[in-house]
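This is a predicted model, so every value here is computed, not measured. Lettering follows sequence order; numbering is per chain, from 1. Just the heavy atoms: all of them, side chains too, but no hydrogens, waters or symmetry mates, feed the values below.
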Amino acid sequence: MSEIESVRKGKGTIFLRKEVCKGCSFCIDFCPTHCLEFSIEFNQKGYHFPLLARPLDCTGCDLCGLYCPDFAIFGVKIKDLEKRRTSPEPLIPAKG
Amino acid sequence: MSDDLALDIQNPVMQLLRQDRIPHIWCPGCGIGTTVNCFVRAMLESGLNLDNVAVVSGIGCTGRVAGYINLDSFHTTHGRAIPFATGMKLANPNLKVIVYSGDGDLSAIGGNHFIHAARRNMDLMVVCVTNFTYGMTGGQVAPTTPLGPTQTTMPYGNFENPFNLPFLADACGAVYVARWTVFHVRQLAKAMKEGLSKRGFVFIEAISPCPTLYSRRNRLGDGADQLKYYKERSIVKNGADTKDVGLTFQGDITVGKFVDRERPTWLDSMNGHFSTHFKEKYKIYGGSHGED
């Protein structure tokens, strides 16, 4: 088995605005793959914010984005990101 | 984590929020932000013309929602969200009006308005965020507080019988009654999407933790601990008899879609009645109800 095949590529990633996070731990506790952890650092308000500790486990399901009460975190699938890099269309088209 | 500035990626809910107001005032661990998250996603998926959607709130922690959503919105006086929304709907039937308020505002101060809007089947969607206390004023006992927990005005535990809000809405004639907790985010967003497409009085109760007052005074831990309790003790029972869905202190929570029926709305009844009474002299009053 070659090295490239043995390393499983993550399917998703998260985006975080750490300055609005209030450290409620909803995303960390209810992540289906438990890939988030609290950071050691603080943000400006003195809260520990989440970090993607196990990036290979993240599936980009966006459940953290649905739980976040502060609209700080959201998840994206890597294939959607790749699509966005190649085409200028918005990731999630605005409706209405 | 990646650099979102390089890709110009934004949280999908941000397009419907007033970004200059974020971060909001809700406490860490409060569930109101999660319900707003579900609500905005439901709205984006519903395909409604968002120029014809209006959000009305009363007073309280949940009353702040109208100030954070970047749509036509109004923050009314205490308990008067439903009468304001009724007036707005009848003056411009093209609008889809959503009342977003807390349990104290809707069922105590605005309780009478709530039952009469449900009785008339006014075309509103009412989202009630139930946290069993008055959060903004300091943790007084609310009409939904179950028997037992300590509150500021009940230092030896609450002895008043609480409201069962889905039963009240069902008995008064609401066409859609659902209850979900903040733990059930996908189901809550789906219920809100269904409610947005329904005509008539839609009532959705979202049970939310209040870590600063209700949980702290009763030693229930923070918001995440309450969400774990919701996860363990909720029983999904769609179509359950609303008589049996009352809540007890830290007991089982029956969640689900309880009522989904059709009844003529107030405007439909008025048009039907006057059409038979005045015949062709009467011109039908109504609009597109936000569907454009």
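Put simply, the side chain of A/T33 gets close to the backbone of A/D57: a donor and an acceptor are under 3.5 Å apart.
If you check the side chains of B/R18 and B/S73, you find a donor sitting under 3.5 Å from an acceptor. Between the side chains of B/S107 and B/D103, no donor-acceptor pair of N or O atoms lies under 3.5 Å. For the residue pair B/T35 / B/Y100, a side-chain donor-acceptor distance below 3.5 Å is found, with atom types taken as modelled. Judged by distance alone, the side chains of B/H24 and A/K22 do bring a donor and an acceptor atom under 3.5 Å apart.
Heavy atoms closer than 4.5 Å to chain A are found in both the backbone and the side chain of B/V185. Heavy atoms closer than 4.5 Å to chain B are found in the side chain of A/D29, but not in its backbone. There is no contact between A/I28 and chain B, counting heavy-atom distances below 4.5 Å. No part of B/L16 comes within reach of chain A, as not one of its non-hydrogen atoms sits under 4.5 angstrom from that chain. For A/F30, the part sitting under 4.5 Å from any heavy atom of chain B is the side chain, from C-beta outward, and nothing else.
Contact count against chain A (heavy-atom pairs under 4.5 Å) is highest for B/R186 among B/M43, B/R186, B/K231, B/M14.
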